[in-house]
Structure formats: C-alpha cells, structure tokens
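Notes for the one structure printed next.
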Amino acid sequence: MNQADHDCNVEEDCEILLFEESVKRKIHLLSPRLRVVMKLHYYDHLKESEIAYKLQLSPGAVKSRLHRGRMAMRTKLSDELTQNHSA
C-alpha cells in the first residue's frame, strides 16, 4: 500500500467517524419516544418484537415510531448535507 492510498483511507475513515457522530447527535435531538426505539433497534440490534416486549408497546407502535424516526433522521441529515454543499 502506498502513501496516497493510506492517506485516502485515513481521510475516508475520518469522514465516516464524523458522519457517525453527526448521526448520534441527530438521534439525540429526536423526541424521547422515537429516540429510545431508534437506539434499541440500531445500536442494540433488537428486533421490533423485542423492542415491543421491552417497552411494553404494540408491535405496530414500534414499527410506527421506527418509521417516524427514520423520516425525521432523513430530513435532519438531508438538511445538513444541503448546508455543507452550499457552503
């Protein structure tokens, strides 16, 4: 591996870390009801049925909260990307 490839990999790794941190900050901005479901699903890798059992919710409520959380995250991240590209 030459120096240019190494530099490119380091830069890509840094960009990935920055994006992951941005996602974590955006998840923290969600309402507590959406945030807890998103964290359990994406960080703890629980299935919808496991989340429903753990939070004493219906499976439909979990599915709905995941959907709303994804939509909110999409909007927040899209806004950030638009701001970064226009700067």
Given the rule that I, L, V, M, F, W and Y join up when any side-chain heavy atoms are under 4.5 Å apart, are Leu77 and Leu66 in one cluster?
yes
Going by the side chain to side chain donor-acceptor pair (under 3.5 Å) test, which pairs reach into residues 32-54, not counting sequence neighbours?
Tyr42-Arg70
Test His28 against Lys24 for side chain to side chain contact (heavy atoms under 4.5 Å, CB included), laying out the working first.
CA-CA 6 Å; His28 187 72; Lys24 287 179 183 179; over 6 Å; no
Sequence neighbours excluded and cut-off under 3.5 Å, please list the side-chain donor-acceptor pairs for residues 14-21, or say none.
none

How about Lys76: does its NZ atom have over 12 heavy atoms from other parts shown lying under 6.0 Å from it?
yes
Rounded to the nearest 0.5 angstrom, the CD1-CG distance for Ile27 and Leu34 is 11.0 Å
Kindly compute the distance separating CZ (Arg68) from OG (Ser31), expressed to the nearest 0.5 Å.
7.0 Å
Any chance you could pull the hydrophobic cluster mates of Leu29, using side-chain heavy atoms under 4.5 angstrom and chaining through other members?
none
Which pair of non-hydrogen atoms, one from Leu55 and one from Val37, has the smallest distance, and what is that distance?
CD1-CG2, 3.9 Å
Check: Met38 and Arg65 side chains under 4.5 Å, non-hydrogen atoms
no
Test of understanding: with salt bridge (Lys or Arg N to Asp or Glu O under 4.0 Å), list the residues that count as partners of Lys26, not counting sequence neighbours.
Glu80
